[in-house]
Every structure is written in structure tokens, then in C-alpha cells.
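A short write-up of the structure that comes next.
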There are 2 protein chains.
Amino acid sequence: MSSARYKICSMVTKESKQRGRPRSFDRATALEKAILAFWENGYEATSVADLTRVMGIGAPSLYSAFGDKQSLFEEVVREYGVRYGSFTDRALEEEPTARAAVERILREAAVEYTDPAHPHGCLVIHAATNCTSREVEESLRARRNAWITVFESRIRTDIAAGELPADTDAPALARHTGVIIQGMSQQARDGATRQELEAVADLAMAIWPRPARTDAPHHA
Amino acid sequence: MSSARYKICSMVTKESKQRGRPRSFDRATALEKAILAFWENGYEATSVADLTRVMGIGAPSLYSAFGDKQSLFEEVVREYGVRYGSFTDRALEEEPTARAAVERILREAAVEYTDPAHPHGCLVIHAATNCTSREVEESLRARRNAWITVFESRIRTDIAAGELPADTDAPALARHTGVIIQGMSQQARDGATRQELEAVADLAMAIWPRPARTDAPHHA
DNA sequence: TGATTTTTGTATCGACCGCTAGGAAATGCG
DNA sequence: CGCATTTCCTAGCGGTCGATACAAAAATCA
């Protein structure tokens with residue numbers, strides 16, 4: 001409690017000199033190790049003993065620096081989103097149409113979810129299924145459902161702009177996108193290769209309707 | 001050990017009269033309760049104490065009748081396949097084409113996965129993710145991957161019969177089907193309704209190629 | 001240097017995990 | 001009725017879970 005308050009204070013005021021014994025480990029590095037552990041094995045199957053081992057610190061150091069296991073996991077999820085899950089946000093921001101954004105998301109997911117440099121699949125999709133802690137399970141569920149909502153609103157924008165036919169079923173198309181992403185993630189965990197998932201992504205994009213108007217600026 | 005051997009003997013020889021104290025619970029009913037518990041919470045998150053509570057029996061009775069937790073789970077998975085997962089096999093047997101079979105599977109999955117009479121989603125897909133026991137995790141993974149193989153061979157059969165174009169990408173189409181099923185299952189767990197999943201199923205079927213020949217008997 | 005502050009390692013804590021020993025209870029057999 | 005057999009209930013096993021008390025260690029401040 002008090003240590004956390006001090007930490008926030010030091011972060012805000014940017015004191016370069018602390019009073020007591022300096023920390024013997026790099027917090028960001030330890031957090032990254034925790035990300036990989038939770039990503040690989042999920043929230044419950046990763047014990048505090050597992051965490052202290054892979055993070056290279058003792059249990060008291062872990063609790064002092066990150067709070068309890070659940071708050072560490074919450075920070076892991078946030079940092080995972082920044083380091084590994086931001087490709088969806090980037091695609092939605094940078095691509096001109098919902099279709100182009102989803103196509104890019106699916107193709108990048110095929111690469112990300114099978115990257116040998118880290119555990120396969122998506123942490124948000126898999127790390128808190130079958131969880132004794134309903135709170136943790138629900139927090140990731142909320143993130144997944146938020147995806148669907150974002151997809152749907154992006155599709156609606158394109159419908160309004162004439163980029164998609166007026167009779168496009170936005171909720172169904174958005175949910176279909178979520179289904180593909182989550183299914184691809186599990187397939188990646190089950191051993192599917194990048195090429196296999198890319199083929200699925202290509203197939204899945206075939207359901208997207210053609211643009212309603214031919215003068216759309218991005219389809220010259 | 002010895003009790004298990006006796007049990008097999010009695011099952012084989014169909015002795016109607018046992019020597020000792022009769023069992024005070026119905027084994028099939030207790031197994032059904034275990035199915036629901038594992039289905040709802042997964043393998044690891046369902047403790048033996050949870051099982052004894054919902055099955056209404058003591059721990060020694062559980063171990064005597066079903067062996068240890070893992071062997072109970074294996075029996076649960078088998079029985080689940082018979083009672084709740086056989087709609088895929090039926091569709092593959094009864095429908096004349098791969099396309100018709102998959103369409104039926106997806107539509108029935110939308111109903112099954114959201115049935116309020118039991119936990120949502122598919123036990124095989126969710127009950128052993130993030131599992132400390134690699135053996136249990138791997139056994140369900142093998143079942144999931146077996147689906148893909150079955151789909152692929154069924155699609156190849158249709159290609160050979162001219163029911164699907166010769167250039168149909170059977171592996172991709174099979175994997176896409178698996179992705180849809182597994183994604184639908186997670187969406188069901190995340191709260192998607194039957195109607196929403198049916199809309200996704202309809203959308204997903206749009207990628208299937210038209211038959212290569214027009215004299216196919218089932219497309220009159 | 002001595003006082004203060006923070007982190008560190010050790011050594012646990014109570015709770016729960018899967019699992020089982022041991023004896024009482026309930027049946028068929030003689 | 002004994003007697004053998006099987007199941008049931010109580011209690012508890014060793015182990016691991018998440019989390020912490022405590023004091024030595026390592027830094028700054030006066």
C-alpha cells in the first residue's frame with residue numbers, strides 16, 4: 001500500500017534519487033517475462049512461484065513492485081496490448097476502409113499469432129478462460145466484446161459513407177470478424193502455421209460485399 | 001485397482017446381483033453432473049470438491065467409481081461427445097455434400113452453443129485450455145485437429161466427385177471451417193446469442209465455391 | 001559515522017489441492 | 001445368524017496455492 005503510493009509519487013515527481021536500498025532488477029524486463037509466462041500458460045496455470053522464477057526475483061519483491069497476482073496480470077494485459085496487440089488499432093486508424101482494416105488485421109494476426117519469438121495465439125483470447133476468478137475472466141471477455149463493437153461502428157461508418165452497401169449487416173459482419181480472429185488464435189495455439197492462417201484469412205475476406213458506389217476514392 | 005477390475009468383470013458378465021453394499025447413486029446421473037461442471041468451468045478450475053458437491057457423492061465414491069480426476073475427465077469427454085457433440089458426425093454422415101454438412105454443422109452449432117439448458121460453447125474447445133496437465137490439454141487439442149482432418153477429407157471426396165471445383169483449396173476450406181466453429185464457441189461463451197451466431201454461420205458459408213458440374217444430383 | 005528508508009532473502013502462514021487410509025454401514029451367501 | 005464383500009463417511013495425508021512477517025542488506029541523509 002504505502003510502497004505503491006511512494007512509487008506513484010516518485011513517478012510523478014521524477015525523483016532521480018530514492019532514499020532506501022535500490023531495486024536490484026529492471027521492472028520493465030521483469031514485466032516482460034511475466035507477459036510471456038501468462039501468455040504461454042494463462043492466468044491460473046501460472047503460479048506465483050512460476051512468476052518469481054521466470055522474473056528472477058523473490059516473492060516479496062514481486063508483491064512490492066506489482067501488488068498481488070491479479071494486479072500484476074492487469075498490468076501484463078495492458079502492456080501486452082501496447083506491445084503485441086496494437087496492430088488492430090493501427091490498422092483501424094491507418095486503413096481507409098473497414099474492409100481494408102479487417103483484411104490487414106487478419107493477415108497480421110496470422111503472422112503475430114504464429115511468431116516463434118513468443119507464445120502463439122492472443123493473450124486476451126486465451127489467458128483467462130476457465131478462470132476461478134470471475135473478475136479476471138470477465139475483464140478479458142469485456143476486451144474481446146469491445147473489439148466487436150469497434151468493428152461494428154467502423155463498418156457502420158463505411159456504410160454511411162457509401163463505402164459498403166446500405167443493406168450490409170454490420171453486426172453480423174463485425175461478429176464474423178471476431179469469430180475469425182478468435183478461431184485463428186486457437187488454431188495457432190493448436191499448431192496451425194502462418195501460411196495456413198493466411199489462407200484462412202484470405203478465404204474469410206471473400207464474404208465482404210463490394211462497395212456500393214464506384215467513385216469511392218480508395219478504389220480507383 | 002481391484003475394485004475397477006471387479007467393475008469391468010461385472011459389466012462383462014452382466015451379473016445382476018452384486019455381493020456387497022449397493023451403490024447409493026446412479027453412476028450415469030453423477031457422470032452427467034460432472035459433464036456440466038467440467039463444461040462450465042474447465043478441467044483445472046473444477047476441483048474434486050466441486051465435483052463431489054455437484055455429483056452428490058463423497059470423494060472415495062468418486063474415486064472408486066471413476067478413478068482419479070483425469071480418468072473421470074476422459075470419460076466426461078467421451079460421454080460429452082456422444083450426448084452433445086455427435087451432431088457433427090451425424091451431419092457428415094447424413095448430408096450428401098461437404099458443403100451441406102458444414103452448413104448444417106454451423107447452424108446446429110449456433111443452436112447447441114447457446115442452449116440455455118447447459119453451459120455455452122463446446123467442452124472440447126474450452127475445457128482444457130491453459131492446463132497444467134499437458135496430457136489433458138493435448139488430448140482435447142488432438143480432438144480439435146482431428147475435426148480439421150475429417151473436414152478436409154470430406155471436402156476432397158466432393159472435389160473428386162465433381163461436387164466442388166478441382167482447384168478448391170481443401171486444407172484452407174477445412175481449416176476455415178474449424179476456425180468458424182471454434183470462434184463461434186468462444187463467442188457463445190462471451191454472450192453471443194443464437195441469432196447472432198446463425199448470422200455468422202450464414203455469412204461464413206458464402207465462401208464456399210459453387211459446384212463444378214451442374215448435373216450434381218443434389219442440386220436439382 | 002549513525003539514523004532513516006527501502007529492498008532483499010528466508011521462512012513461513014492458512015487455505016485449498018488431489019487423493020486415500022480406516023472403520024462403519026449395507027447388502028448377498030451359507 | 002455369522003461371514004464375505006462392496007460401498008459409504010470421516011478424517012486427514014503430503015503438496016502447492018497466493019500472500020506475508022521478519023530481519024539482514026544496501027542505499028541516502030544528517
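Being a predicted model, the structure only gives us computed values, none of them experimental. Both backbone and side-chain heavy atoms feed into the values below; hydrogens, waters and symmetry mates do not. Note on naming: letters A, B, ... go to the chains in the order of the sequence lines (proteins, then strands), and numbering restarts at 1 for each one.
- With contacts defined as side-chain heavy-atom distances shorter than 4.5 Å, the pair Cys122(B)/Glu112(B) does not qualify.
- By the ring pair (Phe, Tyr, Trp, His ring centres under 6.0 Å) test, His120(B) pairs with no residue at all, sequence neighbours left out.
- For the pair Phe25(A) and Gly67(B), nearest-nucleotide mapping onto DNA chain C gives the more 5' position to Phe25(A).
- The phosphate of dT8(C) (OP1 or OP2) has a side-chain N or O of Ser61(A) nearer than 4.0 angstrom.
- Under the 4.5 Å side-chain criterion, counting only non-hydrogen atoms from C-beta, Thr97(B) is not in contact with Trp208(B).
- With rounding to whole Å, Leu62(B) atom CG is found 9 Å from dC19(C) atom P.
- Listed nucleotides: dG9(C), dT20(C), dG18(C). Nearest to the side chain of Pro60(A): dG9(C).
- Put simply, OH on Tyr63(A) is 7 Å from P on dT20(D), counting in whole angstrom units.
- For residues 35-58 of chain B, proximity to DNA chain C is found at Thr46(B), Ser47(B), Val48(B), defined as any non-hydrogen atom under 4.0 angstrom from a strand atom.
- Here the C1' atom of nucleotide dC29(C) and the CZ atom of Arg19(B) are 5 Å apart, to the nearest Å.
- Under 4.0 angstrom from either OP1 or OP2 of dC8(D) there lies at least one side-chain N or O belonging to Ser24(B).
- Along DNA chain C, the nucleotide nearest to Ala59(B) and the one nearest to Ala59(A) differ in position, and the one closer to the 5' end is contacted by Ala59(A).
- Pro22(A) comes within contact range of the sugar-phosphate backbone alone, with a heavy-atom separation under 4.0 Å but no base atom that close.
- Protein atom CZ of Phe73(A) is 14 Å distant from nucleotide atom P of dA19(D), rounded to whole Å.
- One can place CZ of Arg21(A) at 7 Å from P of dG9(C), the figure rounded to the nearest angstrom.
- Residues satisfying the side chain to side chain donor-acceptor pair (under 3.5 Å) criterion with Asn41(B), sequence neighbours excluded, are absent altogether.
- The ring-ring contact (aromatic ring centres under 6.0 Å, His included) test with Tyr80(B) is passed by exactly one of Phe73(B), Phe38(B), Trp39(B): Trp39(B).
- When the P atom of dT7(C) is taken as reference, atom CZ of Arg27(A) falls 11 Å away, rounded to whole Å.
- In this structure the side chain of Glu75(B) reaches within 4.5 angstrom of the side chain of Phe66(B), judged on heavy atoms.
- Counting distance only, with no hydrogens placed and no angle test, the side-chain atoms of Arg23(B) and the base atoms of dT7(D) include no donor-acceptor pair under 3.5 Å.
- Inspection of the Arg144(A) and Gln182(A) side chains reveals no N or O donor paired with an N or O acceptor under 3.5 Å.
- Regarding Asp68(A), its CG atom lies at a distance of 5 Å from the P atom of dA19(D), rounded to whole Å.
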